[in-house]
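Below is one structure, written out as C-alpha cells; comments come after it.
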Amino acid sequence: MAPPADLPQGHPDNIERPELLPDPSLSRAEMESLQRELAATATFADDHGIDPAVVAIDEPADLTDGLPDARQETLPGTHPNTGDPDAPVVVGIDQAFLTPDDGEDRAVSAAVAIRDGVVIEYASAITPLSIPYIPGLLAFREGEPILAALDALDAEPDLLVCDGSGRIHFREAGIATHVGVLLDVPSVGVAKSLLCGVPDESTDERPAGWRTPIRADGSVETAGSAGDAPVIGHAFQSRQYPNSRRVNPLYVSPGHRVSPATTVELVEALCAGYKLPEPTRIADAYADAVKRDAVRA
DNA sequence: GCGACAG
DNA sequence: ATCTTGTCGC
C-alpha cells in the first residue's frame, strides 16, 4: 500500500518500498538477493547538497560529565558552531545490547540529531533481536531496531551516519546503504574494521587526515569483471597520537546518495578530535546511557 | 576443503 | 557487540 502522503520525506513511516525492509524472518538466500536489489537501487554518487564545511563540528562534546543537553535555541556565537537552525540535520546512530538475561536478546538503538554542531534531539528504542550477528547480514539484525529509533525521532535527517559499512560490503549493500535507501535519505557508513575490499596503500601508522581508497576485491560480488576494481570506500585516519600508541583508521563508505570522496570529507568534517565522528561518538554514549537505565529497571 | 568476515 | 582494572605515555 502507498505510504501516507502527509509525512515528510525521510520519515521512517514513509517507506516507499516495504519489500526492501530488513525482515529478519527471511531466508539467508532471500536476504542476499534483497541486498543485490538494494545495491541496484542505491546511488553511490552525490545527490544531497550538503557542504561538508557547513556541517563541520569544531568542538568535541564533553562526555565526562554526562551527555550534552538537547537544545533547539541558537547558542551565542563564540564558536563556529552556534546551532544554526538552517543548517542540515545530521543524525548519528548506534546500538548497545542487552544480554539474553530473560532468554531474549534486545537491542538498544540510539539516534542523536545534530544541527550545526549542537545536539537538538535524542531518541531511542529498545526492541527484540531475532537473529544473531552474521557478517554481511548485519542490517537484518539491527535494521529494524534502528528504524524504530528513527521513528521516535521528530527531527528530519538530512544525513544519516551509521555505525558499520555501506558500500564496503559483499553485495555493496551494508547497513548504511540499507537504511539510506529505505528512507531515501543520504547516508554514510563508518566502520572500525574492514569487512571486505583492499586498501590501495598500507594503513599502518598513518598521520591524522590521511586516507586511501578501498577497492572491491574478489569477495565483492559486483566487482567489475574488468581489471578496474571500483573504489567502494576509504580508510581514513581520523586521529593519531604524536608518539606512542597507534590508532587504527576508520573505514568509511557511501550508504546512499553520497560519493566515496564526499563520504570521507563529511566524516572528516564531523570529527572533532576523537577517533569517531561526533554524531557516532555521542550516539554511542547515549546508547550506553539508555542501556544503563534499562538494566537498572 | 580452507580462509575471511561490519556490530 | 560484550565481559572489565590498571596502566603506559603525552
Side-chain angles (χ1 to χ4, degrees), chain A residues 22 24 28 31-32 35 38-39 92-101 104-111 124 126-147 149 160-180 187-199 203 205 207-208 214 216-221 223 232-236 239-256 263 267 273-277 280-281 283-292 294-295:
Chain A
R28 181 168 185 140
M31 292 179 178
E32 295 179 347
Q35 292 182 325
L38 273 160
I93 303 166
D94 193 33
Q95 315 238 83
F97 299 87
L98 297 174
T99 51
D101 41 36
E104 191 110 59
D105 271 321
R106 287 187 301 166
V108 174
S109 300
S124 66
I126 295 182
T127 59
L129 286 164
S130 31
I131 63 172
Y133 163 69
I134 300 171
L137 299 179
L138 182 64
F140 292 88
R141 172 175 166 80
E142 305 184 354
E144 289 190 326
I146 287 174
L147 291 173
L160 262 24
V161 179
C162 306
D163 58 310
S165 297
R167 193 179 179 182
I168 294 180
H169 181 272
F170 308 129
R171 290 163 292 281
E172 297 188 86
I175 194 162
T177 299
H178 206 135
V179 175
S187 64
V188 297
V190 177
K192 292 178 288 300
S193 58
L194 190 59
L195 174 61
C196 60
V198 292
T203 61
E205 301 178 44
I214 297 295
D217 61 2
S219 68
V220 179
E221 286 186 6
I232 55 179
H234 286 82
F236 172 60
R239 177 183 192 176
Q240 195 56 277
Y241 297 116
N243 304 309
S244 73
R245 222 170 61 189
R246 46 174 253 191
V247 178
N248 294 318
L250 249 27
Y251 295 94
V252 305
S253 59
H256 181 46
T263 296
V267 173
Y274 287 86
K275 174 174 180 172
L276 295 175
T280 303
R281 190 175 154 255
D284 183 67
Y286 176 47
D288 283 339
V290 174
K291 176 180 176 175
R292 285 190 296 103
V295 168

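Throughout, protein chains are lettered first and strands after them, A, B, ... in sequence-line order, and every chain is numbered starting at 1.
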Is the backbone of [Y] close enough, under 3.5 Å, to the side chain of [X] for a donor and an acceptor to pair up by distance?
{"X": "S253(A)", "Y": "G233(A)", "answer": "no"}
{"X": "Q35(A)", "Y": "E172(A)", "answer": "no"}
{"X": "S187(A)", "Y": "A176(A)", "answer": "yes"}

(request) Kindly compute the distance separating CG (L195(A)) from CD1 (I214(A)), expressed to the nearest 0.5 Å. (result) 11.0 Å
(request) Nearest 0.5 Å please: distance from the CD atom of Q240(A) over to the NZ atom of K275(A). (result) 9.5 Å
In whole Å, what is the span from the [atom1] atom of [X] to the [atom2] atom of [N]?
{"X": "L98(A)", "N": "dT2(C)", "atom1": "CG", "atom2": "P", "value": "9 Å"}
{"X": "I131(A)", "N": "dA1(C)", "atom1": "CD1", "atom2": "C1'", "value": "14 Å"}
{"X": "L129(A)", "N": "dT2(C)", "atom1": "CG", "atom2": "P", "value": "11 Å"}

(request) Go ahead and write out DNA chain C as dot-bracket, 5' to 3': ( ) for pairs within the strand, [ ] for ones crossing earlier pairs, | when the partner sits on another strand, dots for unpaired; Watson-Crick or G-U wobble, both distances under 3.5 Å. (result) ..........
In chain order, what residues pass the side chain to side chain contact (heavy atoms under 4.5 Å, CB included) check against [X], with sequence neighbours excluded?
{"X": "S219(A)", "result": "F170(A), C196(A), D217(A)"}
{"X": "R28(A)", "result": "E32(A), I134(A), L137(A)"}
{"X": "P24(A)", "result": "S130(A), I131(A), E144(A)"}

(message) At less than 4.0 Å, is any side-chain N or O atom of K291(A) found next to OP1 or OP2 of dA1(C)? Yes or no.
(response) no
(message) Please give the stem ranges for DNA chain B, sorted by first residue number, where a stem is three or more consecutive Watson-Crick or G-U pairs and both donor-acceptor distances are under 3.5 Å.
(response) none
(request) Provide the closest heavy-atom pair for K291(A) versus F97(A) in the form atom of the first, atom of the second, distance. (result) NZ-O, 2.8 Å
(request) Any chance you could list the contact pattern along nucleotides 1-7 of chain B? Use B for base contacts, S for sugar-phosphate-only contacts and - for none, protein heavy atoms under 4.0 Å, 5' to 3'. (result) ----BBB
(message) Quick check: do P277(A) and L250(A) have side-chain heavy atoms less than 4.5 Å from each other?
(response) yes
